[in-house]
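Each remark here refers to the structure printed beneath this line.
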Amino acid sequence: MHDDAASPDPVQEPKAYQDMLVGLVGADHPAEVQAATPQLIRQLVAEAGERMGQRPRDGEWSALECIAHMLDAEVVASGRYRWIVAHERPELIGYDQDLWVERLHAPVESADVLLALFEPLRRANLALWARTPQRERERFGIHRERGPESYALTFTLIAGHDRFHVAQARRALDALG
């Protein structure tokens, strides 16, 4: 239910997927991108009103489901960051994002409930990044689907992931009129 047409498959095309997310960050600092995301989500919620939970088409996520997925990604990334920094080359398992949204968020919680979890976790992850020395950011884990990923790359991927899914949520709302 993610935006298949606009994104390479993260399992079948892992390098293209990474490149796409890193490209969405561009020259911006990933910590600044991530720090701005909660406010972008709050603006989106304020603009959306009743449309938040409506799917634009069958098989596509609603804006609210996009936010639920972003929360799930933050939970997963939080663990990955910590495994990478604390352990030597830990295994980083993947997850099926559609199953997580379907099984962990049915019915989908309100945006306020999702943000009540997302925002403090994001702050904790930004604080971890800020206090981690540069040399430690190059430590890496082995992602089952994509191979070696450093803390710095993983952190940047989440910044791109934010931009991708905020844009997807906007497209979902725009499609509803």
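Along the sequence shown, the residues carry numbers beginning at 1.
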**Report entry** Mutual orientation of the aromatic rings belonging to H29 and W129 [parallel < 30°, tilted 30-60°, perpendicular > 60°]
**Finding:** perpendicular
Query - More than 12 heavy atoms from other groups under 6.0 Å of CZ on R89 - result: no
Report summary line: In short, A86 meets R139 closest at the heavy-atom pair C-NH2, 4.1 Å
Query raised in the report: What are the two closest non-hydrogen atoms of E138 and A152, and how far apart are they?
Result: OE2-CB, 3.7 Å
Query raised in the report: Which hydrophobic side chains are connected to V33, either touching it within the sub-4.5 Å cutoff or through other members that do?
Result: V25
Query - Co-membership, hydrophobic cluster, residues W61 and V108, 4.5 Å side-chain - result: no
Query raised in the report: Which heavy atom of L104 sits nearest a heavy atom of E109, and at what distance?
Result: O-OE2, 4.0 Å
Query raised in the report: Distance-only, no hydrogens or angles: does the R51 side chain make a donor-acceptor pair with backbone N or O of G177 under 3.5 Å?
Result: yes
**Report entry** Inter- and intrachain pairs under salt bridge (Lys or Arg N to Asp or Glu O under 4.0 Å), touching residues 155-168, at least two apart
**Finding:** D28-R163, R122-D162
Report summary line: In terms of heavy-atom contacts, A48 and L173 come closest through CB-CD1, 3.5 Å
Query raised in the report: Would you say the side-chain atoms of E65 and H69 include a donor-acceptor pair closer than 3.5 Å?
Result: no
Query raised in the report: Between E149 and Q18, is a side chain to side chain contact (heavy atoms under 4.5 Å, CB included) present by the stated rule, with each step listed?
Result: CA-CA 10 Å; E149 287 188 349; Q18 288 174 326; 2.7 Å; yes
Query raised in the report: Are more than 12 heavy atoms from other residues, nucleotides or ligands located less than 6.0 Å from atom CD of E50?
Result: no
Query - Over 12 non-hydrogen atoms of neighbours within 6.0 angstrom of CD in E88 - result: no
Query raised in the report: Which pair of non-hydrogen atoms, one from H165 and one from C66, has the smallest distance, and what is that distance?
Result: O-CB, 4.0 Å
Query raised in the report: Would the number of heavy atoms belonging to other residues, nucleotides or ligands and lying under 6.0 Å from CH2 of W83 be above 12?
Result: no
Query raised in the report: Distance from M52 atom CE to I67 atom CD1, nearest 0.5 Å?
Result: 3.5 Å
Report summary line: Between the CZ atom in R144 and the OH atom in Y95, the distance rounded to the nearest 0.5 Å is 14.5 Å
Query - Members besides F140 in its Ile/Leu/Val/Met/Phe/Trp/Tyr cluster (side-chain heavy atoms under 4.5 Å) - result: I142
Query - Common cluster, L44/V113, ILVMFWY with side-chain heavy-atom separation under 4.5 Å - result: no
Requested in this report: Could you grab the distance from atom CG of L128 to atom OG of S78, nearest 0.5 Å is fine?
Outcome: 8.0 Å
Query raised in the report: Counting distance only, does the side-chain N/O of R137 pair as donor-acceptor with the main-chain N or O of T132 below 3.5 Å?
Result: yes
Report task. Examine distances only and state if a side-chain atom of Q34 and a backbone atom of F155 form a donor-acceptor pair shorter than 3.5 Å. Result -> yes
Query raised in the report: Would a hydrophobic clustering, with Ile, Leu, Val, Met, Phe, Trp and Tyr connected at side-chain separations under 4.5 Å, put L153 with V76?
Result: no
Query raised in the report: Is there a side chain to side chain contact (heavy atoms under 4.5 Å, CB included) between R42 and E119 once you walk through the steps?
Result: CA-CA 11 Å; R42 287 205 173 273; E119 290 173 328; 2.9 Å; yes
Query raised in the report: W100 and V11: same hydrophobic cluster, using ILVMFWY side-chain contacts below 4.5 Å?
Result: no
**Report entry** Side-chain (R80) to main-chain (I93) donor-acceptor, under 3.5 angstrom
**Finding:** yes
Report task. Step by step, work out the side chain to side chain contact (heavy atoms under 4.5 Å, CB included) result for L64 and L114. Result -> CA-CA 9 Å; L64 193 58; L114 295 169; 3.8 Å; yes
Query raised in the report: Among side-chain atoms of N125 and E74, is any donor-acceptor pair under 3.5 angstrom?
Result: yes
Report summary line: When every non-hydrogen atom of A73 is compared with those of H161, the smallest separation belongs to CB-CE1, 3.3 Å
Query - Cluster link L92 to Y151, ILVMFWY, side chain under 4.5 Å - result: yes
